[in-house]
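What follows is a single structure, written as structure tokens, with notes after it.
Heavy atoms only: backbone and side chains are in, while hydrogens, waters and symmetry mates are out.
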Amino acid sequence: MNTPPTRLLIAPSLLAADFARLGEETRAVEAAGADWLHLDIMDGHFVPNITFGPLVVKALRKHTAMPLDVHLMIAPADPYIAAFAEAGADIISVHPESGPHLHRTLQLIRSLGKKAGVVLNPATPVSAVAHVMDLLDVIMVMTVNPGFGGQAFIVSQLSKIATLRQMIGETGRDIILQIDGGITPATATKVLQAGADCLIAGTAVFGAPDYTQAISALRAARPRPQAELAASGG
């Protein structure tokens, strides 16, 4: 079994926030202990929903020091990458299916000084990233089908997470393995044990009455290292 990573990043997804209070919601989750802010960009074409674009990202940049983690669920993605980079995105992730030349897209993101990520839908195989690992800072595994928040966690993706953790280890590179979809304290334990080190949580954070408690509950789901268990007699 893979050894769970030592770090744990929590990235609340703004998709589940109150859209009438995005600046306030952003500041609230930062104060509650979030590490990144996850921004789902949907075009009503690549996925069956529409959210927001670079102007909203630019407006939010003024409200937080957190890295802005931009997930492009749009096709084609390439024509809009520069706009999101200029708006203040720190990480830009794309789907292999959103354009014909994934390698070129990742080169573009990195050329703009941003971290580059690839997103794998439930039916997208890990082989989609096998030949671009040298360009990746982030791999995101969708544990729901993209397009809407509040969906049920797809358990079959756990084996994909474990495989990707092994692939990342073989590269020797510091690639963050994110999980997006159906994340709760219960499912967080499973994905962290499989090798994830970044949890994207929408409803589990923004749907909770206390953001600090919600983020703390996700952090508490982290598996305890074997050495710590042995020392405690657990």
For residues 127-142, dump all side-chain donor-acceptor pairs below 3.5 Å to protein atoms at least two apart in sequence or in another chain.
| residue | atom | partner | partner atom | Å |
| --- | --- | --- | --- | --- |
| Asp137 | OD2 | Arg110 | NH1 | 3.0 |
| Asp137 | OD2 | Ala116 | N | 2.9 |

What's the shortest heavy-atom distance between [X] and [Y], and which atoms?
X	Y	result
Asp35	Arg219	OD2-NH2, 2.8 Å
Asp210	Thr212	OD1-N, 3.0 Å
Ala77	Leu72	CB-CD1, 4.4 Å
Met73	Pro146	SD-CB, 3.6 Å
Leu218	Thr184	CD2-C, 3.8 Å
Ala208	Ala214	CB-CB, 3.7 Å

Atom pairs and distances, donor-acceptor, side-chain atoms in residues 10-17, under 3.5 Å, two or more places apart:
| residue | atom | partner | partner atom | Å |
| --- | --- | --- | --- | --- |
| Ser13 | OG | Leu15 | N | 3.4 |
| Ser13 | OG | Asp40 | OD2 | 2.7 |

Without placing hydrogens or testing angles, list every side-chain donor-acceptor pair under 3.5 Å for residues 150-158, not counting sequence neighbours.
| residue | atom | partner | partner atom | Å |
| --- | --- | --- | --- | --- |
| Gln151 | NE2 | Asn145 | O | 2.6 |
| Gln151 | NE2 | Phe148 | O | 2.9 |
| Gln157 | OE1 | Lys160 | NZ | 2.9 |
| Gln157 | NE2 | Pro122 | O | 3.2 |

Does any non-hydrogen side-chain atom of [Y] lie less than 4.5 Å from one of [X]?
X	Y	value
Met66	Val29	yes
His71	Met42	no
Ile179	Ile200	no
Thr163	Met167	yes
Leu177	Arg165	yes
Ile50	His45	no
Asp180	Thr143	no
Leu9	Ile176	yes

ask   = Excluding sequence neighbours, so at least two apart, what forms side chain to side chain donor-acceptor pair (under 3.5 Å) with Lys190?
value = none
Do the side chains of [X] and [Y] join up, straight or via other hydrophobic residues, at under 4.5 Å, putting them in one cluster?
X	Y	result
Leu102	Ile168	yes
Val118	Leu164	yes
Val70	Leu60	yes
Val144	Leu192	no

inquiry  = Please determine whether side-chain contact (heavy atoms from CB on, under 4.5 Å) holds for the pair Phe46 and Glu97, giving the CA-CA distance in whole Å, both sets of side-chain angles, and the decisive distance to 0.1 Å.
reply    = CA-CA 9 Å; Phe46 186 72; Glu97 300 88 351; 3.9 Å; yes
ask   = Judged by atom type as modelled, is there a donor-acceptor pair below 3.5 Å linking the side chain of Thr26 to the main-chain atoms of His63?
value = no
query = Counting N and O atoms only, with roles assigned by atom type, does the side chain of Thr189 sit under 3.5 Å from a partner on the main chain of Ala221, one being a donor and the other an acceptor?
reply = yes
task = Assess the side chains of Asp69 and Gln178: does a donor N or O sit below 3.5 Å from an acceptor N or O?
result =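 Looking only at side-chain atoms, Gln178 and Asp69 do form a donor-acceptor pair, the distance falling under 3.5 Å.
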Please tabulate, for side-chain N and O atoms in residues 83-94, each donor-acceptor pair with protein atoms closer than 3.5 Å (sequence neighbours left out).
| residue | atom | partner | partner atom | Å |
| --- | --- | --- | --- | --- |
| Asp90 | OD2 | Arg61 | NH1 | 2.7 |
| Asp90 | OD2 | Leu68 | N | 2.8 |

ask   = Does any pair with a residue in residues 182-221 pass ring pair (Phe, Tyr, Trp, His ring centres under 6.0 Å), and if so which ones, sequence neighbours excluded?
value =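 Sorted pair list: Phe206-Tyr211.
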request  = Check whether more than 12 heavy atoms from other residues, nucleotides or ligands sit under 6.0 Å from atom CZ of Phe52, and answer yes or no.
outcome  =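 Enclosed.
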